[in-house]
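Shown below is the structure under consideration.
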Amino acid sequence: MRLEKPFYLRDVRDVARDLLGRELCRRLPGGVVLRGRLVEVEAYLGAGDRASHSFRGLTPRNAPMFEEGGIAYVYLVYGMHHCLNVVTSSRGDACAVLLRAAESPNGVSASGPGRLTRAFSVDRSLDRASLLGPDLWLEEGEPIPDSAVRRTARIGVDYAGAWSRRKLRFVVARHPAVSAR
DNA sequence: GGTGCGATTGCA
DNA sequence: GCAATCGCACCA
């Protein structure tokens, strides 16, 4: 069952936590569908969150974050890696969830946001793409119980001061595709 | 119009 | 430990 619009129109922290265990689905141009369960994600809040791209307001790059939840926000980092985000909440809130790691049914895992987008063939052409459309969507998968969810500080945002220490990273405890910490 | 750097990764 | 590599945020 596909996750529908209401799933995305909630607090970004709730969406992030609930995305664990869900199945990321990507239909390639040729028709093949790739699938993988999410095991590591990070919540980026809107105004106020110094680690978030939306912290300094609307720009050409982060514009999708300001849209209503239910679409993708894809950007290029370090000039070579794409990062895939799920936009959440209502229009103007500018929140999103960064997808950092997934595991495929066959056991093949993509650990790290750059490796995840490479594994699922996601690039800027999917920026603003609907998550209720034919190319990229999420399915119910197998929700993770609270006892198996661990919260930590987000990765790679040391520049954000106190915000870098907020526990906004959600991971499946002891999962091999997730680094310690 | 010029400049500095990043929500990372892979290799020495 | 560090280079790769470029879109874009920010300043002039």
Subject >> A/Arg166 CZ - B/dA7 P separation (whole Å) >> reply: 18 Å
Original post:
With the threshold set at 4.0 Å, does a side-chain nitrogen-carboxylate oxygen contact exist between A/Glu140 and A/Arg2?
Top reply: no
Original post:
In whole Å, what is the span from the NE2 atom of A/His82 to the C1' atom of C/dT5?
Top reply: 12 Å
**OP:** Rounded off to whole Å, could you give me the CZ-to-C1' distance for the A/Arg61 and C/dC6 pair?
**Re:** 12 Å
Original post:
For B/dA7, does OP1 or OP2 lie under 4.0 Å from any side-chain N or O of A/His53?
Top reply: yes
**OP:** Starting from C1' on B/dT8, measure out to CG on A/Asn85 and report it in whole angstrom.
**Re:** 14 Å
**OP:** Find the partner of B/dA7: check Watson-Crick (N1-N3 plus N6-O4 or O6-N4) and G-U wobble (N1-O2, O6-N3) distances, both under 3.5 Å, and reply none if neither fits.
**Re:** none
Original post:
Would you say A/Arg118 reaches B/dT8's phosphate, i.e. side-chain N/O to OP1/OP2 under 4.0 Å?
Top reply: no
Original post:
Rounded to the Å, how far apart are A/Tyr78 OH and B/dT9 C1'?
Top reply: 10 Å
Original post:
Given atom CG of A/Leu45 and atom P of B/dA7, what is their separation to the nearest angstrom?
Top reply: 16 Å
**OP:** Can you figure out which of B/dG6, C/dA9, B/dA7 approaches the side chain of A/Thr59 most closely?
**Re:** C/dA9
**OP:** Choose from C/dT5, B/dG10, B/dT8 the nucleotide whose nearest atom is closest to any side-chain atom of A/Met80.
**Re:** C/dT5
Subject >> No-H, no-angle donor-acceptor pair, A/Tyr75 side chain to B/dA7 base, under 3.5 Å >> reply: yes
Original post:
Separation of A/Phe170 atom CZ from B/dA7 atom P, in whole Å?
Top reply: 19 Å
**OP:** Please check if the distance between the ring centroids of A/Tyr75 and A/His53 is under 6.0 Å.
**Re:** yes
**OP:** Quote, to the nearest angstrom, the P distance that separates B/dG2 from C/dT5.
**Re:** 23 Å
Original post:
Using a cut-off of less than 4.0 Å, is there contact between a side-chain N or O of A/Arg100 and OP1 or OP2 of B/dT8?
Top reply: yes
Original post:
Quick one: is C/dC11 close enough that its OP1 or OP2 comes under 4.0 Å of any side-chain N or O from A/Arg56?
Top reply: no
**OP:** Return the 5'-most residue of the pair A/Gly79, A/Pro60 with respect to DNA chain C, ranking by each residue's nearest nucleotide.
**Re:** A/Gly79
Original post:
Rounded to the Å, how far apart are A/Asp123 CG and C/dC6 C1'?
Top reply: 15 Å
Subject >> Electrostatic pair A/Arg100-A/Glu40, nearest N-O below 4.0 angstrom >> reply: yes
Original post:
Do the side-chain N or O atoms of A/Tyr159 get closer than 4.0 angstrom to the phosphate oxygens (OP1, OP2) of B/dA7?
Top reply: yes
Subject >> Pairing of A/Asp18 and A/Arg10 as salt bridge, 4.0 angstrom limit >> reply: yes
Subject >> Salt-bridge criterion met for A/Glu23 and A/Arg37 (N-O under 4.0 Å) >> reply: no
Original post:
Using a cut-off of 4.0 Å on non-hydrogen atoms, how would the nucleic acid contact of A/Arg50 be classed: base, sugar-phosphate, or nothing?
Top reply: nothing
